[in-house]
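Worksheet: one structure, shown below.
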Amino acid sequence: MTGRELLTTARRIVVKVGSSSLTTREGGLDADRLGALVDAVAERRLAGCEVVLVSSGAIAAGLAPLGLARRPKDLATQQAAASVGQGLLVAAYTRAFARSGLTVAQVLLTADDVVRRRHYVNAHRSLERLLGLGVLPVVNENDTVATQEIRFGDNDRLAALVAHLVAAEALVLLSDVDALYDGHPARPGVRRIPLVRGPEDLDGVRIGSVGTAGVGSGGMVTKVEAAGIATSAGVPTLLTSAALVRPGLAGDDVGTWFEAQGARRASRLLWLAHAARTEGRLLLDDGAVAAVVRRHTSLLPAGVTDVEGAFVAGDPVELVDARGRVVARGLVNFDAAELPPLLGRSTRDLAREYGAEYEREVVHRDDLVVLDTPIEDTPKALTDVPLRDGRLQ
């Protein structure tokens, strides 16, 4: 089944709700809005669909109790607000879902939980077990301990990755805006975009950033990026407002529906493409770029011209062409310190000089993902993720 009707028959979905849909402008939880969301999600869950709820709101919920007028900018105060607000948030969900006889579980993740392969597997196992026990997981970024270096940055991207992690059949992104529009929603003549089949449907569309409530960290840009991550992995996505969650889950023509663009792929490849925090760079000659990108071969020492960064075997690294564009990412088979004397040489020569264990790839093709568009050119691509200084954030 394709299209919005899939939401009515899906056996497992991920629903993400933003801070502005759960809290007041002054901070603190809005019990009525949270209750309305829970009632709609509970209805779908009781109809037989497993649901993972990715919920922002911990920092926002902690503002009023701490006497803070607005979302703090410094990390330490954000962490303090999250420490206070997370307990309030989960307690509110526990009470609200209990009205429908449902048990919830708090699952807090940091970027390391999808960056590090072992953590990723553990997160998958934990979520699968909770769902198997009939529990409704409530997932949030662990803002209390997350630092700038290990943050997702927004829960939209987290939700897209969780949707793939649990093999969800659809992702629903909820905010205070009811759909994606071809201009600012408040301007006359602006039209809702009901369907996005691919990146070309968004050509010329200017997408806004942080919403008006001022309590969240995302915006429409992050939601479109999250939809791109999900759809590129075969997970269709509905973007609408929390107020329309019930008709949205019923398959009604609300919001914006993003069709799946790609087939589901191995978890580690989506992880490498969108979640991996790379530890270094391998600079490739033109021949190696062609082999990796066009022929989808492994990367051999002969095609590497230089090494940047301090990484160890098994770390994710970027593969970069002569223009400085990141064309692929992969898990490297050597420590950074081992590679310099191996560069530009054939594996056969290396085996003769150093031993048979050196007759191996720098990055095996099974642990390598080619980017759909080189990073230098990615701002127009639907499958982009936020970049800063040319690196994934």
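Keep in mind it's a predicted model, so treat the numbers as computed, not measured.
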- If Ile, Leu, Val, Met, Phe, Trp and Tyr residues are connected whenever their side-chain heavy atoms lie under 4.5 Å apart, and connections chain through other members, are Val84 and Val90 in the same group?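 No, separate clusters.
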- Item | Shared hydrophobic cluster for Val304 and Val293 (ILVMFWY, side-chain gaps under 4.5 Å) |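 Linked within one cluster.
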- Where do Pro137 and Leu131 come nearest, in terms of heavy atoms and distance?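 Looking at all heavy atoms of both residues, the shortest contact is CD-CD2, 3.7 Å.
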- Query: What pair of heavy atoms forms the shortest contact from Tyr354 to Pro341, and how long is it?
  - Reply: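 Looking at all heavy atoms of both residues, the closest pair is OH-CB, 3.9 Å.
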Is a salt bridge present between [X] and [Y], judged by a nitrogen-to-oxygen distance below 4.0 Å?
| X | Y | result |
| --- | --- | --- |
| Asp156 | Lys16 | yes |
| Asp321 | Arg325 | yes |
| Arg12 | Glu169 | no |

- Task: Identify the residue among Arg44, Arg246, Arg99 that makes a salt bridge (Lys or Arg N to Asp or Glu O under 4.0 Å) with Asp39.
- Result: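 Testing Asp39 for a salt bridge (Lys or Arg N to Asp or Glu O under 4.0 Å) against Arg44, Arg246, Arg99 leaves exactly one candidate, Arg99.
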- Would you indicate whether Arg348, at its atom CZ, is surrounded by more than 12 heavy atoms from other residues, nucleotides or ligands within a distance under 6.0 Å?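 Atom CZ in Arg348 is not crowded, with 12 or fewer foreign heavy atoms closer than 6.0 Å.
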- Message: Counting only heavy atoms from other residues, nucleotides and ligands, does the tally under 6.0 Å from CG of Asp286 exceed 12?
- Response: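 12 or below, so no.
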Distance, nearest 0.5 Å, that separates [atom1] of [X] from [atom2] of [Y]:
| X | Y | atom1 | atom2 | value |
| --- | --- | --- | --- | --- |
| Arg71 | Thr77 | CZ | OG1 | 11.5 Å |
| Ser298 | Asp366 | OG | CG | 7.0 Å |
| Thr240 | Trp257 | OG1 | CH2 | 12.0 Å |

- Query: Does the salt bridge (Lys or Arg N to Asp or Glu O under 4.0 Å) test come out yes or no for Asp176 and Arg33, once each step is laid out?
  - Reply: CA-CA 11 Å; Asp176 53 356; Arg33 298 168 81 186; over 6 Å; no
- Arg360 charged N/C atom sitting above Tyr358 aromatic ring, 6.0 Å / 45°: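 The answer is yes; both the distance and angle limits are met.
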- Message: For Val326 and Arg281: C-alpha separation, side-chain torsions, deciding distance, then whether side-chain contact (heavy atoms from CB on, under 4.5 Å) applies.
- Response: CA-CA 9 Å; Val326 181; Arg281 287 185 162 200; 3.7 Å; yes
Of [options], the residue whose pairing with [X] passes side chain to side chain contact (heavy atoms under 4.5 Å, CB included):
| X | options | result |
| --- | --- | --- |
| Leu299 | Val317, Val332, Val363 | Val363 |
| Leu109 | Val139, Asn140, Leu161 | Val139 |
| Leu89 | Ser55, Ser19, Ser56 | Ser55 |

- Task: Give a yes or no on whether the backbone of Asp30 and the side-chain of Thr24 come within a donor-acceptor separation of less than 3.5 Å.
- Result: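 Here the side-chain-to-backbone pair does not exist.
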- Message: With a 3.5 Å distance limit and no angle check, can you tell me whether Ser21 reaches the backbone of Val17 through a side-chain donor-acceptor pair?
- Response: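 Side chain of Ser21 to backbone of Val17: no pair is present.
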- Query: In the hydrophobic clustering that connects Ile, Leu, Val, Met, Phe, Trp and Tyr at side-chain heavy-atom distances below 4.5 Å, which members other than Val190 occupy its cluster, ordered by chain and number?
  - Reply: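 Val190 clusters with Tyr181.
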- Side-chain donor-acceptor pair present, Asp178, Ser241, cut-off under 3.5 Å: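 No pair is found: no donor N or O on one side chain lies under 3.5 Å from an acceptor on the other.
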- Message: Side chains of Glu361 and Asn333 only: does a donor on one sit below 3.5 Å from an acceptor on the other?
- Response: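 The answer is no; no qualifying pair exists.
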- Message: Apply side-chain contact (heavy atoms from CB on, under 4.5 Å) to residues Arg157 and Thr222 and explain how you reach the verdict.
- Response: CA-CA 7 Å; Arg157 184 176 170 216; Thr222 69; over 6 Å; no
- Task: Dump the intermediate steps for side-chain contact (heavy atoms from CB on, under 4.5 Å) on Phe97 and Leu53, then the final yes or no.
- Result: CA-CA 12 Å; Phe97 277 109; Leu53 178 61; 4.2 Å; yes
- Step by step, work out the side-chain contact (heavy atoms from CB on, under 4.5 Å) result for Leu350 and Glu359. CA-CA 6 Å; Leu350 294 173; Glu359 194 171 6; over 6 Å; no
